[in-house]
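Have a look at the structure below, then the notes.
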Amino acid sequence: MNIKNVTVAGSGVLGSQIAFQTAFFGFNVSVYDINDEVLEKAKERFKALKPRYQQDLGATQEEVEAAYNRLTLFSDLRQAVKDADLVIEAVPEVINIKNEFYENLSAVAPKKTIFASNSSTMIPSQLAHVTDRPEKYLHLHFANEIWHRNTAEIMKHEGTNEEVFNDVVEFSKAIGMVALPMHKEQHGYILNSLLVPYIQAAENLVVNGIADHETVDKTWMIATGAPIGPFAFLDVIGINTPYNLALAKAQEGDVNAEKVAEFLKKEFIDKGRLGIQNGKGFYDYPNPKFLEKDFLK
Ligand code: NAD
């Protein structure tokens with residue numbers, strides 16, 4: 001693998017996690033964001049990650065301090081990517097921002113640098129042509145809470161060089177990920193290609209009055225042996241994300257999605273039931289009904 005120097009662009013929710021994870025596994029990481037004020041916030045994000053690595057992974061104080069010390073912050077893109085073998089981009093999921101970022105990056109990055117986007121909803125061929133090196137462009141998609149939800153979906157487009165693809169697969173393993181290579185483009189990668197239709201099917205059963213959410217979850221849990229059903233999982237995701245998805249589909253004229261959006265807003269968002277994050281959603285936490293002994297009877 002030829003990747004030693006890594007730059008993460010965008011130090012928000014995911015960028016900060018990707019940078020810290022990479023540093024935790026021994027890489028020196030340059031972090032780029034638009035100005036010093038945002039970079040100050042990034043420092044706070046990194047500090048907040050330290051106890052999570054200690055709690056969730058059993059990392060020592062020395063290990064998390066060492067990771068923190070391997071991070072160098074830049075608001076100058078040219079400086080940030082000066083030696084980069086790989087730039088992982090985690091800037092906002094807005095096409096114009098991504099386009100402008102890749103134009104700027106292409107102008108200052110060394111020829112050797114591989115560009116990998118963490119975009120959740122775009123596919124590589126949407127952005128590859130904006131760069132000056134489509135053969136060195138691909139997607140490397142992480143999940144929120146990267147240190148224990150350690151999937152790395154790696155997706156190439158038709159023009160991605162095979163060696164580049166393999167290098168990024170190896171790199172993802174070197175930072176503690178389970179590498180999930182994807183040989184063709186697919187919106188939603190693997191996980192959301194499965195998850196989105198699954199959640200939508202469950203929502204449709206409920207909003208169309210076919211069964212209530214507990215019955216749906218029960219069916220799934222008993223029949224598949226899964227520890228939770230789709231509505232318990234919606235509580236994990238948080239109600240806002242499925243609501244925004246339903247709203248977007250409703251605006252495209254999808255009638256079921258309109259019912260789902262209305263239902264989630266009226267019954268959950270307006271009542272402050274946003275999921276596990278605030279202790280209530282489809283279920284009440286910390287002791288949700290689906291964990292009770294009799295739930296599956
Ligand atoms: P975020 O809004 O938390 O962070 C974005 C960061 O990018 C901010 O720090 C912002 O200052 C910075 N930024 C804005 N313009 C920039 C520019 N031109 N150059 C460099 N940095 C710039 O967003 P996020 O949730 O971390 O999402 C970032 C990317 O990661 C998106 O593509 C998103 O789809 C993807 N992603 C997010 C999640 C998630 O759960 N949040 C999960 C997987 C993938």
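What you see is a predicted model; the values in this text were computed from it and never measured. First listed ligand is number 1; within each ligand, the first listed atom is number 1. Heavy atoms only: backbone and side chains are in, while hydrogens, waters and symmetry mates are out.
Not a single heavy atom of Ala9 sits less than 4.0 Å from an atom of ligand 1. Look at Met122 and you'll find every heavy atom at least 4.0 Å from all atoms of ligand 1. At least one heavy atom of His141 sits closer than 4.0 Å to an atom of ligand 1.
Below 4.0 Å from some heavy atom of Glu93 lie the following atoms of ligand 1, by number and element: 31 (C), 32 (O), 33 (C), 34 (O). Heavy-atom contacts of Val38 reach the following atoms of ligand 1: 9 (O), 11 (O) (cutoff under 4.0 Å). Per-residue contacts place Phe101 under 4.0 angstrom from the following atoms of ligand 1 (heavy atoms of the residue considered): 19 (N). For ligand 1, the atoms sitting less than 4.0 Å from at least one non-hydrogen atom of Tyr32 are 19 (N), 20 (C), numbered in the order shown with element in parentheses. If you number the atoms of ligand 1 from 1 as listed, the ones under 4.0 Å from a heavy atom of Lys98 come out as 31 (C), 32 (O). Counting atoms of ligand 1 from 1 in the listed order, those under 4.0 Å from a heavy atom of Ala90 are 5 (C), 6 (C), 7 (O), 28 (C), 29 (C).
Proximity annotation for atom 13 (N) of ligand 1: of Ser75, Pro92, Gly12, Gly15, Pro92 comes nearest, heavy atoms only. Closest heavy-atom approach to atom 25 (O) of ligand 1 within the set Asn35, Ile237, Val8, Val13: this belongs to Val13.
From the protein, the heavy atom lying nearest to atom 43 (C) of ligand 1 is Phe142 O, 3.1 Å. The shortest contact between atom 36 (N) of ligand 1 and any protein heavy atom is with Ser120 OG, 3.2 Å. Among all non-hydrogen protein atoms, the one lying nearest atom 30 (O) of ligand 1 is Asn118 ND2, 2.9 Å. Considering only non-hydrogen protein atoms, atom 29 (C) of ligand 1 sits nearest to Val91 O, 3.5 Å. Nearest protein neighbour of atom 40 (O) of ligand 1, counting heavy atoms only, is Asn144 CB, 3.6 Å. Distance from atom 8 (C) of ligand 1 to its nearest protein heavy atom, with residue and atom name: Asp33 OD2, 3.6 Å. At the top of the distance list for atom 17 (C) of ligand 1, counting protein heavy atoms only, stands Ile34 CG2, 3.6 Å. For atom 41 (N) of ligand 1, the nearest non-hydrogen atom of the protein is Leu14 CD2, 3.7 Å.
Between the side chains of Tyr189 and His187, no donor-acceptor pair of N or O atoms lies under 3.5 Å. In this structure, a donor-acceptor pair under 3.5 Å is absent between the side chains of Asn35 and Ser75. Side-chain contact of Asp217 with Tyr283: a donor-acceptor pair under 3.5 Å is present, judged by distance alone.
The ring-ring contact (aromatic ring centres under 6.0 Å, His included) with Phe268 is formed by just one residue from the set Tyr243, Phe263, Phe231; it is Phe263.
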- Steps toward side chain to side chain contact (heavy atoms under 4.5 Å, CB included) verdict (Val29, Thr7): CA-CA 6 Å; Val29 182; Thr7 300; over 6 Å; no

- Item | Intermediate values then yes/no, ring-ring contact (aromatic ring centres under 6.0 Å, His included), Tyr137 and Tyr102 | CA-CA 10 Å; Tyr137 181 83; Tyr102 281 113; 5.4 Å; yes

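A cation-pi contact, defined as under 6.0 Å to the ring centre and within 45° of the axis, links Lys218 to Phe295. Taking the centre and axis of the six-membered ring of Phe27, the NZ or CZ atom of Lys4 falls outside the cone set by 45° and 6.0 Å.
A salt bridge is absent between Glu262 and Lys265; no separation between the charged side-chain nitrogens and carboxylate oxygens falls under 4.0 Å. A salt bridge links Lys156 to Glu162: at least one charged side-chain nitrogen sits closer than 4.0 Å to a carboxylate oxygen. Salt-bridge formation is detected for the pair Glu214/Lys289: a Lys NZ or Arg NE/NH1/NH2 atom is positioned less than 4.0 Å from an Asp or Glu carboxylate oxygen.
In this structure, atom 27 (O) of ligand 1 is not in close contact with the protein, since no protein heavy atom lies within 4.0 Å of it. For atom 23 (O) of ligand 1, no protein heavy-atom neighbour is present inside the 4.0 Å cut-off.
Distance check, rounded to the nearest 0.5 Å: NZ of Lys271 to CD1 of Ile269 gives 12.5 Å.
Geometrically, ligand 1 and Glu89 share no nitrogen or oxygen pair separated by less than 3.5 Å.
For the residue pair Gln54 and Thr60, the shortest heavy atom distance occurs at NE2-C, 4.0 Å.
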